[in-house]
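Only one structure is covered here, and it is reproduced in the block below.
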Amino acid sequence: MILYNEQNRTLTLHTQRTTYQMKADRRGVLLHLYYGPRVEEADLSGLLQYADRGFSPNPSGSGEDRTYSLDTLPQEYSTCGVGDFRLHSAEVEQADGSLLLDLRYAGHAILPGKYALEGLPAFFGEGWETLSVTLRDPCSGVEAELLYGVDEADDLITRAVRLTNRGTEPVALCRVMSLCLDFNRADLDFVTFNGGHVKERHLDRAPLRPGEQSVGSVRGTSSHQHNPFVILCEHDAGEDHGVCYGAALLYSGNFLAAAERSQFDDARLVMGIHPYHFRWTLDPRESFTAPEAALVCSPDGLTPMTHRFHRAIREKLIRDPYGGKRRPVLINNWEATEFHFDEEKLVAIAREGAALGMELFVMDDGWFGKRDSDFSGLGDWTVNEKKLPGGLEALAPRIRELGMQFGIWVEPEMVSEDSELYRAHPDWALGAPHRPQTQGRSQLVLDFSRQEVRDHIYAALRQVLDSAKAAYVKWDMNRSLTDVWSAAIPAGRQGEVYHRYVLGVYDLLERFRRDYPDLLIEGCSGGGGRFDAGMLYYTPQIWCSDNTDAIDRLRIQCGTTFCYPVSSVGAHVSAVPNGQTGRYTPMETRGVAAMCGTFGYEMDLGKCTDEEKEVVREQVRTFKKRAVLIHQGDYYRLTDPFRNTAYAAWAHVSTDKREALVSLVTGSTTAALPFIVLRLRGLDPDLRYRIDGGERVCGGAALMHAGISFPLIPGDYQARQVYLTAVE
Ligand code: DGJ
């Protein structure tokens with residue numbers, strides 16, 4: 001519900017459990033008053049404090065009043081160069097060369113439904129209201145429209161910003177944040193998700209320090225190193241208590257998430273496109289739309305925050321061709337063969353998979369052009385007939401004859417120097433003239449800011465999809481952007497290329513979605529280098545990491561699922577010793593770890609023993625039975641794998657609380673093993689649950705408070721699952 005109080009000029013956004021309030025004050029400055037657990041006050045401006053603070057300037061017209069300063073008051077969208085020295089939301093180079101921006105309230109509108117953002121991912125669906133607040137710079141033609149989407153039921157507030165040049169001369173945007181959120185407290189922890197390739201989204205939590213602290217990416221993608229999802233929470237906030245604020249940016253390129261604890265012990269969070277090499281010219285009457293950010297405030301801990309993001313992302317962001325239905329269990333040939341396969345090898349892997357209940361075969365990298373290694377071939381999306389003599393027209397039907405769907409790997413955004421495409425169009429790769437390009441995995445990045453490049457790739461890939469009648473595509477992207485310069489953009493506008501590239505990726509993905517509505521697209525960037533809420537709008541699942549080691553995955557997947565739903569986390573069982581870590585883990589354990597995700601296989605099942613195949617068959621059966629519970633249910637962390645390496649546990653609980661699947665994986669063993677008693681979460685205390693379909697029945701309250709104990713599990717990296725159903 002969005003309310004405007006005309007008398008006080010406050011705008012209040014209520015969700016079921018939270019309230020957000022701002023106020024256009026007498027000077028027209030839009031002040032932020034509150035965001036937190038729901039309160040009913042129509043005007044919280046009593047919280048504002050006016051004091052004469054040294055070196056905090058006063059706006060012109062203040063006369064003798066030195067108590068009003070943009071430097072001390074909480075701002076809804078902070079400005080630049082006119083008195084607020086904290087993190088700024090926007091920076092504009094005005095026509096006169098000044099970098100000054102002042103923004104004052106000019107009006108607002110409360111609209112039914114959710115705003116949409118042209119060419120950008122955004123939440124959608126029923127039950128939304130929109131608030132649009134217009135701010136204007138009194139001294140230039142720059143106007144900012146602040147957009148708020150309010151999803152009352154899911155406690156979600158989205159934000160976006162549109163800057164328009166209403167002047168008569170061009171201006172340049174040097175920084176446009178999507179979100180600015182002020183707090184009148186600084187006793188908060190900043191939680192971020194960090195790592196690198198094969199070590200994505202490891203949680204880091206630290207109290208806000210004085211000054212700025214930030215994570216971000218300048219790699220052209222959201223990156224393996226940091227994620228555009230952050231949390232600010234009370235120091236003692238845990239899974240079930242404490243106020244937490246989660247903020248996700250729906251963007252897949254360079255981003256900045258910065259928090260600042262300022263001189264008076266208040267705090268500000270900003271999030272948006274990273275200003276690194278960003279400079280966007282706005283001609284008169286042109287607008288620029290910054291990507292959407294989504295906010296959840298949870299009054300009672302991290303778990304409810306996670307649940308709200310999961311539900312909203314699943315139901316109001318991901319466009320899943322399978323809807324609420326289970327997606328197919330897949331087998332992918334990458335870790336089994338890498339580039340070295342032929343048609344018979346692929347069919348053999350698929351046949352083994354089909355016999356064990358798998359439903360989709362995915363042919364990974366190496367099927368096209370001159371592609372026997374990662375040194376060549378990207379860009380030439382025609383079949384390598386040495387490997388597949390009859391082409392996709394011969395292979396795909398053979399897979400379907402096995403009762404499986406056919407899926408295929410592509411890397412549309414890339415080109416190898418050793419390719420027909422590069423030889424024909426060297427200027428289609430990003431790179432400045434007279435400067436040798438930096439290589440990444442020995443490949444270059446196609447200039448996706450250019451329509452003709454996207455059109456070419458689109459046409460080539462259409463042929464691939466049509467000839468294979470593919471049901472699934474893995475859309476990979478295997479390097480960071482460098483040499484970001486486009487031959488199609490004038491010298492003075494090269495600061496637009498990073499963002500235009502992302503818009504180009506979104507444009508192409510949207511075209512595939514529109515023209516192949518039944519196609520399941522799995523995003524990928526060397527594993528989880530582009531795992532963000534923006535990508536999930538186009539690709540319902542994303543390969544979570546190139547690290548398939550079951551034990552490492554416990555942390556990677558736990559970090560990922562703080563924001564992103566389990567159904568979006570690409571997770572496979574692979575062979576041992578694991579290719580990334582050399583570790584041996586039992587097949588059972590690898591299955592349990594992969595079940596906290598999309599679930600599939602990535603190995604040569606022909607090399608498994610009969611016993612192992614039996615385990616796999618059983619796993620596939622279990623997953624199919626439990627997939628709806630795992631993917632649509634509520635996910636509960638039962639341990640913290642970043643701190644507890646002795647064992648990790650989690651549970652999936654159906655929303656009606658009548659069913660739960662508890663998973664436990666132990667670490668490396670020791671003598672004198674500790675007893676493991678898991679106190680479950682999320683059950684109905686008044687229901688009684690049958691354990692594993694047997695005779696044992698236990699009350700929900702007992703399972704949550706007293707716990708469930710696991711007999712000693714000797715040996716390294718063991719796993720157990722317990723299935724609970726409510727007794728009628
Ligand atoms: C990186 C991906 O993450 C892998 O799964 C695999 O598809 C390779 N690329 C293929 O080159």
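Hydrogens, waters and symmetry mates are skipped; everything else that's a heavy atom, side chains included, is used. Please read these numbers as outputs of a predicted model, since none were measured by experiment. Just follow the structure's listing: the first ligand is 1, and inside any ligand the first atom is 1.
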Atoms of ligand 1 close to Asn478 [distance to a heavy atom under 4.0 angstrom, numbered from 1]: 1 (C), 9 (N)
Report yes or no: does Trp650 contribute a side-chain atom to a donor-acceptor pair with the main-chain N or O of Leu554 at less than 3.5 Å? no
Restricting to heavy atoms, the pick from Asn547, Asp476, Val362 nearest atom 9 (N) of ligand 1 would be Asp476
Would you call Lys387 and Asp372 a salt bridge, taking side-chain N to carboxylate O under 4.0 Å as the test? yes
Hey, does Lys474 sit under 4.0 Å from ligand 1 if you only count heavy atoms? yes
Any chance you could measure Glu413, atom CD, to Tyr501, atom OH, to the nearest 0.5 Å? 3.5 Å
Identify the closest protein heavy atom to atom 11 (O) of ligand 1: which residue and atom is it, and at what distance? Asp365 OD2, 2.6 Å
Does the distance from a Lys or Arg side-chain N to an Asp or Glu carboxylate O, for Asp380 and Arg423, drop under 4.0 Å? no
Can you sort out which atoms of ligand 1 are near Gly527, meaning under 4.0 Å from one of its heavy atoms? 3 (O)
Under 4.0 Å from a heavy atom of Cys524: give me the atoms of ligand 1 that qualify, with their elements. 2 (C), 3 (O)
Within reach of ligand 1, part of Arg441 (heavy-atom separation under 4.0 Å): side chain
Minimum-distance protein heavy atom relative to atom 7 (O) of ligand 1: Asp364 OD1, 2.6 Å
Where ligand 1 meets Trp543 - atom numbers and elements under 4.0 angstrom, heavy-atom basis: 3 (O), 5 (O)
Would the number of heavy atoms belonging to other residues, nucleotides or ligands and lying under 6.0 Å from CZ of Arg435 be above 12? no
Could you check atom 3 (O) of ligand 1 against the protein and tell me its nearest heavy-atom contact, residue, atom and distance included? Asp546 OD1, 2.3 Å
May I ask you to say whether Arg205 pairs ionically with Asp640, meaning some side-chain N is under 4.0 Å from a carboxylate O? no
Atom CE of Met414 and atom CG of Leu444: how far apart are they, to the nearest 0.5 Å? 9.0 Å
